[in-house]
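Everything on this sheet refers to the single structure shown next.
The shown structure was predicted, so the numbers you read here are calculated from the model rather than taken from an experiment.
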Amino acid sequence: MEPQVAIVSGAIFGLMGCIAPAILFERALRGSRAVSLTACLAAMGVTFLTLTVVLLVVYTATNTGFLEFGCALVAAFLLFWGVEAIRAWRATNGRSRV
């Protein structure tokens with residue numbers, strides 16, 4: 001796998017792993033009472049399984065570009081949640097831009 005393809009696809013799959021918990025995060029940020037602990041645990045399970053299966057598939061399909069793919073996946077995932085943490089901090093301190 002080419003390094004550019006590995007980086008772009010890793011970033012895409014990293015963001016794809018954020019979808020389930022991000023939906024719940026947005027509901028909670030908007031003040032919805034529909035967010036339950038069970039839904040949060042299920043979202044974390046979906047994220048864990050999604051990212052694990054994606055890494056396993058890429059690892060078994062090709063060894064070249066796996067490091068770039070994994071680093072891009074983790075970086076995109078952490079960057080997304082870093083931005084969301086800043087949004088939550090602003091909402092908590094009264095400067096919500098939702």
Side-chain angles (χ1 to χ4, degrees):
M1 182 183 323
E2 293 290 322
Q4 297 87 358
V5 173
I7 292 170
V8 170
S9 59
I12 289 171
F13 281 110
L15 293 175
M16 188 180 81
C18 296
I19 292 173
I23 292 170
L24 295 175
F25 180 79
E26 289 299 323
R27 284 185 195 165
L29 197 60
R30 295 195 194 308
S32 173
R33 299 275 180 194
V35 180
S36 68
L37 181 62
T38 306
C40 293
L41 290 174
M44 288 292 104
V46 167
T47 296
F48 177 75
L49 286 175
T50 301
L51 296 180
T52 302
V53 168
V54 165
L55 283 172
L56 190 64
V57 167
V58 170
Y59 182 72
T60 56
T62 180
N63 270 344
T64 59
F66 180 71
L67 180 63
E68 293 89 352
F69 179 85
C71 288
L73 183 132
V74 170
F77 184 82
L78 292 177
L79 180 65
F80 178 84
W81 286 112
V83 170
E84 293 297 312
I86 292 169
R87 289 184 60 219
W89 182 77
R90 285 185 175 171
T92 301
N93 290 314
R95 292 182 284 167
S96 177
R97 295 184 182 180
V98 176

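Within the structure, every pair that satisfies the side chain to side chain donor-acceptor pair (under 3.5 Å) test and touches residues 53-66, not counting sequence neighbours, is listed here: Thr62-Thr64. Each salt bridge (charged side-chain N to carboxylate O under 4.0 Å, His left out) pair with one or both residues in residues 45-70, not counting sequence neighbours, would appear here, but there are none. Pairs of residues two or more places apart, or lying in two chains, that qualify as salt bridge (charged side-chain N to carboxylate O under 4.0 Å, His left out) and include a residue from residues 75-85 are Glu84-Arg87.
Within the 4.5 Å cutoff, no side-chain heavy atoms of Phe77 are placed close to those of Leu15.
With sequence neighbours excluded, the residues that form a side-chain contact (heavy atoms from CB on, under 4.5 Å) with Leu78 are Val74. Considering only residues two or more places apart in sequence or on other chains, Thr52 meets the side-chain hydrogen bond (donor to acceptor under 3.5 Å, both in side chains) condition with none of them. Partners of Thr50 under the side-chain hydrogen bond (donor to acceptor under 3.5 Å, both in side chains) rule, at least two apart in sequence or in another chain, do not exist in this structure. The side-chain contact (heavy atoms from CB on, under 4.5 Å) test applied to Leu67 returns Cys71, not counting sequence neighbours. Taking the ring-ring contact (aromatic ring centres under 6.0 Å, His included) definition, one finds that Phe48 meets it with nothing, sequence neighbours left out. Here Phe25 pairs with Trp81 under the ring-ring contact (aromatic ring centres under 6.0 Å, His included) rule; sequence neighbours left out.
A continuous path of Ile, Leu, Val, Met, Phe, Trp and Tyr side chains, each step under 4.5 Å between heavy atoms, connects Phe69 with Phe80, placing both in one hydrophobic cluster. By the criterion of side-chain heavy atoms lying less than 4.5 angstrom apart, applied directly or through intervening Ile, Leu, Val, Met, Phe, Trp or Tyr residues, Ile19 is grouped together with Leu29 in one hydrophobic cluster.
Here CG of Leu79 is found 9.5 Å from SG of Cys18. Values are rounded to the nearest 0.5 Å.
Shortest non-hydrogen contact noted between Thr47 and Pro21 is OG1-CD, 3.1 Å. Here the shortest heavy-atom pairing between Ala20 and Val46 reads CB-CG1, 4.2 Å.
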Side-chain donor-acceptor pairs of residues 3-13 under 3.5 Å, sequence neighbours excluded:
unit_1: Ser9; atom_1: OG; unit_2: Val5; atom_2: O; d: 2.7
unit_1: Ser9; atom_1: OG; unit_2: Ala6; atom_2: O; d: 3.3

Return all side-chain donor-acceptor pairs below 3.5 angstrom for residues 34-41, not counting sequence neighbours, or 'none' if the list is empty.
unit_1: Ser36; atom_1: OG; unit_2: Ala39; atom_2: N; d: 3.2

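Alongside Leu56, the hydrophobic cluster contains no other residue (criterion: ILVMFWY side chains under 4.5 Å).
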